[in-house]
Chemist: 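Mind having a look at this structure? Questions to follow.
Excluded from the calculations below are hydrogen atoms, water molecules and symmetry mates; all remaining heavy atoms, backbone and side chain alike, are included.
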Amino acid sequence: MYTFSKGSLAVLVLVLAAACQKETQPVDASVAPQANAAKEAALIPVQAEKPTRGDITQVLETNARIIAERRVDVTSEGMGKCIALFAEEGQSVKQGEVLVELDKQEALAALNQAEVQVRQQLAAFDRAKKMYEGGIGPLIDFENARFAYEQSVASRDLQKVQLDNMTIRAPISGVVTRKNVQLGMLVTSGTPVYSIVDPTSYVLAINPPERDLPRLTVGQEAKVAIDALPGEEFAVKVSRVNPSVENGTVKAMLAFDPEALPRLKEGAFARVALVMDVHRNALLVPKDAVLEENGRQFVYVVEPGPAVAGDAPEDRMVARRADIETGFDNSASVEVVSGLDDNSLVTVVGQHTLKSGAEVVVTRAEDEFKDTLSKTPEEALDAAKAERAKGKQPMAGGGRHM
């Protein structure tokens with residue numbers, strides 16, 4: 001069983017037409033030579049359609065990588081040997097959750113020593129206070145004892161902080177993306193131990209040209225394709241626009257739908273199509289129908305041609321080049337601003353081999369072959385020859401008339 005695409009069917013029409021014209025001889029020698037020539041002249045089969053009406057958008061296409069606005073590189077504020085790890089890369093953690101434990105023995109000893117100093121200074125302060133209040137101790141001794149006690153308390157509190165720093169906790173909730181510490185490693189103050197990102201803060205940062213700044217607005221929509229998630233498209237919106245210009249570009253942040261965030265990955269490559277403008281109810285033609293020559297864009301339109309004896313009016317059509325002015329375009333359609341109207345009949349198949357004034361016949365390749373889809377190409381060619389031998393109009397003459 002053979003199936004045919006729109007393009008392959010059109011090509012097969014031309015092949016069959018050429019074969020029939022080459023193999024076939026006139027069936028009636030009494031027909032005038034001019035009539036024979038007119039009948040045998042090969043009409044070019046084309047497919048033509050009227051333009052459609054619809055909305056078309058102008059988009060800014062750019063690339064970006066997913067970033068997390070809330071990202072933290074966790075560093076150690078204490079110093080000691082790593083004795084326990086509680087998180088691995090890819091693991092989710094909560095704010096305040098323990099990530100690393102460092103050896104606390106030295107810090108505990110320092111804290112105990114500070115506690116002793118506090119008790120000693122408290123006792124000295126109490127004695128100085130009683131002597132001063134009893135009138136037998138000078139004021140300066142009382143104040144010095146108080147200052148010494150307060151200093152010992154401050155020192156003890158500092159040792160408590162040092163001890164707390166031996167336990168490293170997650171500063172935010174998120175996912176661990178990097179681990180830089182191992183068991184037994186000597187960790188010093190300032191050493192980066194983990195990186196954590198908040199997946200609920202994933203965004204895209206794009207840099208449109210500065211000329212587009214007036215057209216950037218909060219809430220503007222865009223479509224995003226992510227290489228790590230092939231075959232899917234995500235909707236995003238402009239959440240912020242930085243009005244400053246740097247190196248000829250501006251910065252805009254795009255926010256994802258919250259439901260999509262759990263599936264995204266930091267650093268994933270994204271292709272962005274940001275909608276900059278929309279033309280409503282525009283006159284549209286297929287993109288393949290538009291041709292270009294010397295910088296001018298044009299299409300071929302089909303119009304009634306000169307009548308020939310024995311033909312119905314619709315049998316003879318002529319292709320005419322129509323220069324057009326275009327507006328927005330996308331992967332499928334082109335907006336026509338001038339040069340066509342709603343009733344123009346634009347060639348969409350076969351236009352690449354046309355010249356202005358060429359005689360054509362409008363057909364649909366799918367209709368021509370709906371009864372031959374089960375035949376091989378050789379069988380289809382034999383059937384066309386048989387039809388010609390019976391005196392019917394050859395497919396070289398345009399196939400089925402519309």
Side-chain angles (χ1 to χ4, degrees), residues 63-118 151-207 224 226-230 234 239-240 251 253-256 258-270:
N63 302 325
R65 290 193 180 274
I66 297 174
I67 61 173
E69 288 197 289
R70 289 189 294 276
R71 177 194 178 97
V72 177
D73 291 326
V74 184
T75 58
S76 173
E77 296 182 8
M79 184 174 70
K81 183 172 67 174
C82 176
I83 61 173
L85 295 173
F86 298 95
E88 297 293 336
E89 292 180 356
Q91 181 178 334
S92 296
V93 295
K94 298 292 185 181
Q95 183 176 5
E97 187 174 331
V98 176
L99 301 176
V100 181
E101 287 283 10
L102 304 180
D103 189 352
K104 299 180 180 180
Q105 290 185 2
E106 186 175 341
L108 281 171
L111 178 60
N112 291 334
Q113 185 178 7
E115 291 283 4
V116 172
Q117 289 293 328
V118 168
Q151 186 175 6
S152 67
V153 171
S155 179
R156 181 198 61 187
D157 292 344
L158 179 60
Q159 292 301 322
K160 286 182 177 180
V161 172
Q162 297 287 355
L163 180 62
D164 288 342
N165 287 341
M166 306 305 283
T167 300
I168 304 175
R169 301 177 183 273
I172 63 171
S173 297
V175 177
V176 175
T177 58
R178 181 174 298 176
K179 184 183 76 170
N180 300 315
V181 65
Q182 301 294 334
L183 288 175
M185 178 185 293
L186 179 62
V187 178
T188 59
S189 179
T191 299
V193 291
Y194 282 98
S195 293
I196 301 175
V197 300
D198 181 359
T200 65
S201 69
Y202 284 152
V203 295
L204 286 171
I206 62 173
N207 299 100
V224 174
I226 300 174
D227 284 4
L229 298 170
F234 297 85
S239 58
R240 297 194 308 277
K251 185 177 182 180
M253 305 302 292
L254 307 180
F256 287 90
E259 295 182 357
L261 293 174
R263 305 182 57 218
L264 305 180
K265 303 297 180 184
E266 186 191 28
F269 186 80

Chemist: For D198, give me all partners under salt bridge (charged side-chain N to carboxylate O under 4.0 Å, His left out), at least two apart in sequence or on another chain.
Modeler: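 D198: salt bridge (charged side-chain N to carboxylate O under 4.0 Å, His left out) contacts with R70.
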Chemist: Roughly how far apart are F256 CZ and F234 CZ, rounded to 0.5 Å?
Modeler: 7.5 Å
Chemist: I need the L158 CG to L111 CG distance, nearest 0.5 Å.
Modeler: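 Rounded to the nearest 0.5 Å, the CG-CG separation comes out at 10.0 Å.
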Chemist: Please list, one pair per line, the donor and acceptor atoms closer than 3.5 Å that link side chains of residues 177-184 to other protein atoms, with sequence neighbours excluded.
Modeler:
{"unit_1": "T177", "atom_1": "OG1", "unit_2": "S195", "atom_2": "O", "d": "3.3"}
{"unit_1": "K179", "atom_1": "NZ", "unit_2": "E88", "atom_2": "OE1", "d": "2.9"}
{"unit_1": "K179", "atom_1": "NZ", "unit_2": "E88", "atom_2": "OE2", "d": "3.3"}

Chemist: Holding to side chain to side chain donor-acceptor pair (under 3.5 Å), I want the full list of residues that pass it with T191, two or more places apart in sequence or in another chain.
Modeler: T188
Chemist: How long is the gap from OG on S76 to CG on L186, to the nearest 0.5 Å?
Modeler: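 Taking OG in S76 and CG in L186, the distance rounds to 9.5 Å.
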Chemist: Can you name the nearest heavy-atom pair linking L102 to C82, along with the distance?
Modeler: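 Answer, listing the atom of L102 first, then C82: CD2-CA, 3.8 Å.
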Chemist: First locate atom CG of N165, then atom CD of E77, and finally report the distance between them rounded to the nearest 0.5 Å.
Modeler: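 Rounded to the nearest 0.5 Å, the CG-CD separation comes out at 5.0 Å.
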Chemist: Roughly how far, to the nearest 0.5 Å, is the CE atom of M166 from the CD atom of E106?
Modeler: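 With rounding to 0.5 Å, CD (E106) is 7.5 Å from CE (M166).
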Chemist: More than 12 non-hydrogen atoms from neighbouring residues, nucleotides or ligands closer than 6.0 Å to CD on Q91, yes or no?
Modeler: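 Yes, CD of Q91 has more than 12 neighbouring heavy atoms, counting only those of other groups under 6.0 Å.
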Chemist: Provide the full list of salt bridge (Lys or Arg N to Asp or Glu O under 4.0 Å) pairs with a residue in residues 156-176, sequence neighbours left out, each pair given once.
Modeler: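 The answer is E115-R156.
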Chemist: Any side-chain heavy atom of I196 within less than 4.5 Å of one from V93?
Modeler: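 With C-beta onward as the side chain, the pair touches.
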Chemist: Taking only residues two or more places apart in sequence, or in another chain, which ones meet E266 in a side chain to side chain donor-acceptor pair (under 3.5 Å)?
Modeler: R71
Chemist: May I have all residue pairs that pass side-chain hydrogen bond (donor to acceptor under 3.5 Å, both in side chains) and include part of residues 93-102, sequence neighbours excluded?
Modeler: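 Residue pairs passing side-chain hydrogen bond (donor to acceptor under 3.5 Å, both in side chains), neighbours aside: E101-K104, E101-T167.
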Chemist: Counting only N and O atoms by type, is there a donor-acceptor contact under 3.5 Å from the side chain of Y194 to the main-chain atoms of I168?
Modeler: no
Chemist: Just checking M185: does its CE atom have more than 12 heavy atoms from other residues, nucleotides or ligands closer to it than 6.0 angstrom?
Modeler: yes
Chemist: Counting only heavy atoms from other residues, nucleotides and ligands, does the tally under 6.0 Å from CD of Q151 exceed 12?
Modeler: no
Chemist: Consider side-chain contact (heavy atoms from CB on, under 4.5 Å). Of I67, I66, L264, which one does V203 pass it with?
Modeler: I67
Chemist: In Å and rounded to the nearest 0.5 Å, what is the NZ to CZ distance from K251 to R240?
Modeler: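 Nearest 0.5 Å value for the NZ-CZ distance: 8.0 Å.
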Chemist: Can you list the steps and then say if L99 with V193 is a side-chain contact (heavy atoms from CB on, under 4.5 Å)?
Modeler: CA-CA 9 Å; L99 301 176; V193 291; 5.7 Å; no
